[in-house]
Amino acid sequence: MPIRFHNTLTRRIEEFVPATPGEVRMYHCGPTVYSTPHIGNYRTFLLGDLLRRFLEWQGYKVEQVMNLTDVGHLLEDAEEGEDKLEAAARKARKTAWEIAEHYAQEFFAGLEFLHFLPAHHYPRATTHVPEMIAMIEALEQRGYAYKVASGNVYFDISRFPAYGRLSGNTAEELEAGARIEINPEKRDPRDFALWKIDAKHQMQWDSPWGRGFPGWHIECSAMSRKYLGESFDLHTGGEDNVFPHHECEIAQSEAASGKPFVRYWLHARHLLVDSTKMSKRLGNVHTAQSLQSLGHSGDALRLALQKAHYREPLNFTLASLDEAERKVARYRDTGVRLRDAAATAAATEAAASTRQAVDGLRARFAEALADDLNVSVALAVLDEAVGEANRRAPHGGDAAALFGLLRELWGVFGLLQKSLESTPLADADILALIAERDAARKARDWKRSDELRDLLKQRGIELLDGKDGARWRRSGR
Ligand code: AMP
Ligand code: ZN
């Protein structure tokens, strides 16, 4: 089945053809670890997780890298100004290194809460400075970089005519924008820093241009090259990364290697909260941690953040999260029921037609996601599958096939991956299974009766047979 994505580079929906058949190499711009990531950041990161899960489900071998920016990202994504890490350190009266470590841990805790598949590499900028220096040296040798009196090293935009292709910004627009910050050191106001000298900066490394620190853009060029090579398939980020960050990454990587950098660029629209931008002043900055402490589940937050198409705006509200909680609860009820029915149900005639329905639902779900990750259609098919499962399983439909289907589809959205196995049976379900077993015993169907006893035992329910039927208790309590 052909897969199609919207490529920011061409502004078109294109068939996705990775460089090596069956293998996908992709890079995601990760967090700048100067504060706890908010749920908007996770919306963008979830685009990467959805791509990973969907492509793996489709049989691709995926190599996934997400970086951590822990130096060099200046306030307002600007060319001049304080490093975000250093500003946070100053306010907290900590070192920039302590800030980086603390917020890296918060980021990983958020990933865990949201059940992300772990990427294959999470490179940190501060541990890849030699790779960045090597890349800047290559740019210098090829005539794309120049050093000025202060010791700063800049990328020479005039040498790279394709600059502006990703963002669609013309040279005139870029120059007009860049004029706000006049820096007489630069040959062209659009030139951007590769290496910076600033004696006040806490995080410093020796380099051929003096002790200093790397620019934010060179970090992603150097780290993606190290783990994925000079050319790779997919690169993602939030919409604000298109310019200048990704535009600059393309310029550096292609200038250094002489090869095309990334085949497909995917960008996620920003998340709004209560229809406005998240801001500390408005008190609407939600984090994974803040929602967890309100009692919310990672599954519901995932669903709430994944329910809109990645190129559409998504407005998050606590009410939408409550709605997602209810949906996840319904999914879980269905899942637990099917899990147990699948373990016992005998095959009937209804099973064949169920298997046909299962194949149809699976195919429609896959087609929806292959259509530039059309999650609205995919989630509607998922709900239809849940409805079918609830309708068919009690009437001899193939519960195992239905359960298998739901696990697959939930798996692509990363839902109910951990909780289902450990969810205990509801009392009503226990009583229903015991009644079924009592009936089997009366009918002297010992095989069925034993099956049901074993199933209950697996779920931690012990039966105590008595004259008036079985009593039960949860073992270990
Ligand atoms: P940062 O930690 O600022 O470097 O951002 C990490 C990622 O989150 C980047 O890819 C940003 O584009 C993305 N991002 C920032 N704000 C939002 C938002 N409100 N909604 C979605 N993504 C965002
Ligand atoms: Zn990046």
Side-chain angles (χ1 to χ4, degrees), residues 8 26-50 65-78 83-85 87-88 99-100 103-104 106-108 110-111 114 116 119 121-125 128 132 166-167 192 214-228 232 234-253 261-262 265-280 282 284-288 301 304-306 308-316:
T8 309
M26 63 180 178
Y27 185 89
H28 315 300
C29 284
T32 306
V33 284
Y34 71 112
S35 64
T36 306
H38 55 58
I39 56 172
N41 301 130
Y42 286 112
R43 178 191 195 194
T44 292
F45 304 152
L46 278 167
L47 167 62
D49 196 60
L50 180 62
V65 180
M66 181 182 277
N67 77 291
L68 274 68
T69 297
D70 51 3
V71 64
H73 192 170
L74 307 187
L75 290 169
E76 308 298 329
D77 291 1
D83 189 312
K84 292 186 178 193
L85 270 284
I99 292 291
Y103 290 111
E106 298 256 289
F107 161 66
F108 287 120
L111 291 187
L114 280 160
F116 274 73
H121 302 278
Y122 291 104
R124 299 183 193 211
H128 292 74
M132 297 165 202
L166 180 75
S167 57
F192 57 89
W216 172 36
H217 315 309
I218 196 72
E219 299 176 359
C220 285
S221 282
M223 291 187 280
S224 63
R225 182 173 73 168
K226 171 161 183 182
Y227 295 98
L228 299 170
F232 56 92
L234 266 170
H235 195 314
T236 71
E239 58 181 329
D240 59 317
N241 288 151
V242 175
F243 186 86
H245 187 48
H246 291 163
E247 196 77 77
C248 296
E249 274 186 49
I250 296 175
Q252 300 161 144
S253 295
F261 177 39
V262 169
W265 289 87
L266 273 66
H267 290 100
R269 282 288 288 275
H270 273 187
L271 180 78
L272 297 177
V273 171
D274 302 328
S275 305
T276 60
K277 220 178 138 150
M278 265 179 281
S279 84
K280 290 221 172 89
L282 294 172
N284 64 352
V285 181
H286 299 299
T287 64
L301 182 55
L305 292 175
Q306 290 193 113
H309 189 258
Y310 71 96
R311 286 189 292 115
E312 297 286 333
L314 169 59
N315 183 34
F316 178 89

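Indexing begins at 1, ligand by ligand and atom by atom, following the structure's order.
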For the residue pair Phe232 and Tyr27, does the interplanar ring angle fall in the parallel (under 30°), tilted (30 to 60°) or perpendicular (over 60°) class?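 Tilted.
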Below 30° counts as parallel, above 60° as perpendicular, anything between as tilted: where do the rings of Trp265 and His235 land?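 Aromatic pair Trp265/His235 classed parallel.
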Tyr227 ring center near His128 ring center (under 6.0 Å):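 Yes: the rings meet the under 6.0 Å criterion.
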Is the gap between the ring centers of Phe107 and Phe45 under 6.0 Å?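 Centroid separation for Phe107 and Phe45: below 6.0 Å.
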Does the shortest distance from the Zn ion (ligand 2) to an N/O/S atom of His245 fall below 2.8 Å?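 Coordinating: yes.
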Under 2.8 Å: N/O/S of Cys29 next to the Zn ion (ligand 2):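 Checking Cys29: at least one N, O or S atom is under 2.8 Å.
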Yes or no: does His38 have any heavy atom under 4.0 Å from an atom of ligand 1?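 For ligand 1, residue contact (heavy atoms, under 4.0 Å) with His38 is present.
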Looking only at heavy atoms of Gly30, does any of them come nearer than 4.0 Å to an atom of ligand 1?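 Contact present.
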Give yes or no for whether the N/O distance cutoff of 3.5 Å, strictly under, is met between [X] and ligand 1.
X      : answer
Pro31  : no
Gly237 : no
Phe45  : no

Distance to 0.1 Å, residue and atom name: give those for the protein heavy atom nearest to [atom].
atom                    : answer
atom 21 (C) of ligand 1 : Gly40 O, 2.8 Å
atom 10 (O) of ligand 1 : Asn241 OD1, 2.7 Å
atom 20 (N) of ligand 1 : Leu271 N, 2.8 Å

So, do [X] and [Y] sit near enough that their side-chain heavy atoms are less than 4.5 Å apart?
X      : Y      : result
Val71  : Leu85  : no
Tyr122 : Leu68  : yes
Asp240 : His246 : no
Glu249 : Cys29  : yes

With backbone taken as N, CA, C and O and side chain as the heavy atoms from C-beta onward, which portion of His73 lies under 4.0 Å from ligand 1: side chain, backbone, both, or neither?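 Side chain only; the backbone of His73 stays clear of ligand 1.
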I'd like to know if the side chain of Glu247 reaches the main chain of Ser167, judged simply by a donor and an acceptor atom lying under 3.5 Å from each other, with no hydrogens or angles considered.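 At least one qualifying donor-acceptor pair exists.
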Would you mind listing which atoms of ligand 1 come within a distance below 4.0 Å of any non-hydrogen atom of Asn41?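 Selected atoms, number and element: 5 (O), 6 (C), 7 (C), 8 (O), 13 (C), 14 (N), 15 (C), 16 (N).
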Select the closest option to atom 11 (C) of ligand 1 among Thr32, Asp240, Thr44, judged by heavy-atom distance.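 Considering heavy atoms of Thr32, Asp240, Thr44, the nearest to atom 11 (C) of ligand 1 sits in Asp240.
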